[in-house]
Visitor: 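The structure follows.
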Amino acid sequence: MRHRCQTICLLLIGALAGLTNADETNENLPDLAELEARNAVIGKVTLVRSDVFDLSSPDENKWLYRWANRLHVVTREKTVSEQLLFRTGDLYKKRELEESERILRRNKYLYDAHIAPSHFENGIVDLTVNTRDVWSISPELSISRSGGENRTRYGIDEHNLFGRGQRLLFIRDNDIDRSESTVQYADRYIGSHHISGLARYSDNSDGDAYLLSIERPFYALDTRWSAGGSILGDDRRTAMYAFGEEAAEYRHQRDAFHLYKGWSKGLRDGRAQRWTVGVALDDNRFSE
């Protein structure tokens, strides 16, 4: 019995020692440069996505903020992860963490983004990606009167549709000269790639216009190529005035096309050199 108790005690001491070593591993992480020097490999990537308001704070735990959080759709994990420049199994690179933070922060629907190592053991480093949302819906309503005429403008602009990072815009504008209704949809990460697309259509009292574009930009310093193109069409009637009265009008039709290709050798000695070539066609036709 005594030998058995001694064995159990030794096992408990060993387990406690293991927990202590694990805590030291978590708390005494090497700095970012040292992790790269050790050729650390990225292990688990944990995404921590925070809502617009922090309800754990007494200053923000109010009924209005709780109601806003319930209405808001938190940015999805896929939306965040597809913007990162690293994946599990990649070699750890300090630059890629910092660039990924900048890519995330330039989104209008994110207040902040921070990426940091959370655990390092046996050459494997786990990372935690912290993001916090902002309120992404922007309603617009304005009414003005000048010179005896009214002008109204109303619409809504959503920068993070269903938490997917997509933008949907609708604007209706009315004044003495024309009325305009515009719908726009944009997605910066089509098909989990760094490919962005935009579609816009305007239905106006004096004509209509559309714009379609798709591109793969130099999204990171080490990106080796880029490409893109756009098509624009605009058909409108333009009035000419004399003493405040419409005296004549003419029709203006425009068709534009743009295509480009870029290439680079990537990041060399802290610098990136890029070359871009393209072709553009801008055809404008005017009636008498």
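Along the sequence shown, residues are numbered consecutively beginning with 1.
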Visitor: Counting only N and O atoms by type, is there a donor-acceptor contact under 3.5 Å from the side chain of E36 to the main-chain atoms of K94?
Guide: yes
Visitor: Answer yes if the side chains of D126 and T46 hold a donor-acceptor pair under 3.5 Å, and no otherwise.
Guide: no
Visitor: Would you indicate whether the side-chain heavy atoms of S205 and R237 approach each other to under 4.5 Å?
Guide: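 Of all side-chain heavy-atom pairs linking S205 with R237, none is under 4.5 Å.
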Visitor: Would you confirm whether S202, through its side chain, and A209, through its main-chain N or O, come within 3.5 Å as a donor-acceptor pair?
Guide: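 No, because the side chain of S202 does not come within donor-acceptor range (under 3.5 Å) of the backbone of A209.
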Visitor: I need the E158 CD to Q166 CD distance, nearest 0.5 Å.
Guide: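 Result: 10.0 Å between the selected atoms.
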Visitor: Side-chain heavy atoms under 4.5 angstrom apart, residues restricted to Ile, Leu, Val, Met, Phe, Trp, Tyr: same cluster for I214 and Y260?
Guide: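 No; tracing contacts between hydrophobic side chains, which count when under 4.5 Å, never links both residues.
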Visitor: Which heavy atom of R251 sits nearest to which heavy atom of S287, and what is that distance?
Guide: N-OG, 2.7 Å
Visitor: Give, for atom NE2 of H114 and atom CZ of R132, the distance between the pair rounded to the nearest 0.5 Å.
Guide: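 If I round to the nearest 0.5 Å, the distance is 15.0 Å.
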Visitor: Is there a side-chain contact (heavy atoms from CB on, under 4.5 Å) between D222 and L85 once you walk through the steps?
Guide: CA-CA 10 Å; D222 201 39; L85 300 179; over 6 Å; no
Visitor: Hey, is OH on Y241 packed in by over 12 heavy atoms from elsewhere, all under 6.0 Å?
Guide: yes
Visitor: Please enumerate all residues that pass side chain to side chain contact (heavy atoms under 4.5 Å, CB included) together with D51, with sequence neighbours excluded.
Guide: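 Side chain to side chain contact (heavy atoms under 4.5 Å, CB included) list for D51, sorted by chain: N69, H72, V74.
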Visitor: Return yes when atom CZ of F170 has more than 12 non-hydrogen atoms of other residues, nucleotides or ligands closer than 6.0 Å, and no otherwise.
Guide: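 Above 12, so yes.
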Visitor: Which distance, rounded to the nearest 0.5 Å, do you find between the CG of D59 and the CG of D54?
Guide: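 Answer rounded to 0.5 Å: 10.0 Å.
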Visitor: Give a yes or no on this: more than 12 heavy atoms of other residues, nucleotides or ligands lie within 6.0 Å of atom OH of Y65.
Guide: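 Counting neighbours around OH of Y65, 12 or fewer heavy atoms of other residues, nucleotides or ligands fall under 6.0 Å, so no.
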Visitor: Give the cluster check for I42 versus I124: same hydrophobic cluster or not, with ILVMFWY residues linked at side-chain heavy-atom distances below 4.5 Å.
Guide: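 Hydrophobic grouping puts I42 apart from I124.
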Visitor: Identify which one of D208, D282, D234 satisfies the salt bridge (Lys or Arg N to Asp or Glu O under 4.0 Å) criterion when paired with R254.
Guide: D282
Visitor: Charged N to carboxylate O under 4.0 angstrom, R285 versus D255?
Guide: yes
Visitor: Evaluate E140 against S142 for side chain to side chain donor-acceptor pair (under 3.5 Å), listing each step before the verdict.
Guide: CA-CA 7 Å; E140 184 170 351; S142 65; 5.1 Å; no
Visitor: Verify, without hydrogens or angle tests, whether E60 (side chain) and F53 (backbone) share a donor-acceptor contact under 3.5 angstrom.
Guide: no
Visitor: Could you measure the distance from the CG atom of N130 to the CD atom of E101? Nearest 0.5 Å is fine.
Guide: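 So the gap between those two atoms works out to 9.5 Å.
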Visitor: Should R224 and W263 count as side-chain neighbours, where that means a heavy-atom distance under 4.5 Å?
Guide: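 Contact flag for R224/W263 side chains = no.
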Visitor: To the nearest 0.5 Å, how far apart are CZ in R216 and NZ in K261?
Guide: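 Answer for the CZ-NZ pair, R216 versus K261, is 9.0 Å.
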Visitor: Before giving the answer on side-chain contact (heavy atoms from CB on, under 4.5 Å), spell out for V41 and L91 the whole-Å C-alpha distance, their side-chain angles and the decisive distance to 0.1 Å.
Guide: CA-CA 5 Å; V41 175; L91 280 177; 4.1 Å; yes
Visitor: Main chain of G266, side chain of S264: is a donor-acceptor contact present, judged purely on distance under 3.5 Å?
Guide: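 Between the backbone of G266 and the side chain of S264 there is a qualifying donor-acceptor contact (under 3.5 Å).
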Visitor: Just by distance, with hydrogens left out, do E215 and S213 show a side-chain donor and acceptor under 3.5 Å apart?
Guide: no
Visitor: If you measure from the Lys or Arg side-chain nitrogens to the Asp or Glu carboxylate oxygens, is any gap between R95 and E99 under 4.0 Å?
Guide: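 The answer is yes: the pair qualifies as a salt bridge.
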Visitor: In terms of hydrophobic clustering (I, L, V, M, F, W, Y; side-chain heavy atoms under 4.5 Å; direct or indirect links), are I231 and V279 co-clustered?
Guide: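 Both belong to a single hydrophobic cluster.
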Visitor: Could you tell me if the side chain of L97 sits less than 4.5 Å from the side chain of Y92, heavy atoms only?
Guide: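 Yes, their side chains come closer than 4.5 Å.
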Visitor: Do the side chain of R105 and the main chain of A113 share a donor and acceptor less than 3.5 angstrom apart?
Guide: yes
Visitor: Could you walk me through whether S100 and Q83 pass the side chain to side chain donor-acceptor pair (under 3.5 Å) check?
Guide: CA-CA 7 Å; S100 296; Q83 301 181 52; over 6 Å; no
Visitor: With a 3.5 Å distance limit and no angle check, can you tell me whether W135 reaches the backbone of I137 through a side-chain donor-acceptor pair?
Guide: yes
Visitor: Testing the basics here: between E180 and T182, what is the closest heavy-atom pair and its distance to 0.1 Å?
Guide: OE2-OG1, 3.2 Å
Visitor: Return the minimal non-hydrogen interatomic distance between L104 and T131, and the atom names on each side.
Guide: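 That closest heavy-atom pairing would be CD1-CG2, 4.2 Å.
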Visitor: Membership question, hydrophobic clusters at under 4.5 Å side-chain separation (ILVMFWY): are F86 and L35 in the same one?
Guide: yes
Visitor: Would you say the side chain of V134 lies within less than 4.5 Å of the side chain of K108, judging by non-hydrogen atoms?
Guide: no
Visitor: Could you pull out the closest heavy-atom pair between P217 and S226, with the gap in Å?
Guide: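 For P217 and S226, the tightest heavy-atom pair comes out as C-CB, 3.8 Å.
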Visitor: Between R164 and T79, is the side chain to side chain donor-acceptor pair (under 3.5 Å) condition met? List the steps.
Guide: CA-CA 6 Å; R164 301 180 182 275; T79 304; over 6 Å; no
Visitor: Are the side chain of T88 and the backbone N or O of G43 linked by a donor-acceptor pair below 3.5 Å?
Guide: yes
Visitor: Quick check against the 3.5 Å criterion: does R49 have a side-chain atom that pairs as donor or acceptor with the backbone of D133?
Guide: no
Visitor: Heavy-atom count check: over 12 atoms from other residues, nucleotides or ligands less than 6.0 Å from R106 CZ?
Guide: yes
Visitor: Should D157 and H159 count as side-chain neighbours, where that means a heavy-atom distance under 4.5 Å?
Guide: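 Result yes, sub-4.5 Å side-chain heavy-atom pair found.
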Visitor: Minimum heavy-atom separation for S118 to L29, with atom names?
Guide: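 Between these two residues, the closest heavy atoms are C-CD1, 3.9 Å.
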Visitor: Write down the atom of L221, the atom of R274, and the distance for their closest heavy-atom approach.
Guide: CA-NH2, 3.6 Å
Visitor: Quick one: pull up CD1 in I103 and CZ in R188 and give me the separation to the nearest 0.5 Å.
Guide: 8.5 Å
Visitor: Has the side chain of R102 got a donor or acceptor atom that lies under 3.5 Å from a matching backbone atom of A220?
Guide: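 No: the side chain of R102 does not pair with the backbone of A220.
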Visitor: With clusters defined by side-chain heavy atoms of hydrophobic residues (ILVMFWY) lying less than 4.5 Å apart, directly or transitively, does L47 cluster with Y109?
Guide: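 Per the 4.5 Å side-chain linkage, Y109 and L47 are co-clustered.
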Visitor: Any side-chain heavy atom of T238 sitting closer than 4.5 Å to one from F286?
Guide: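 SC-SC contact between T238 and F286 ruled out.
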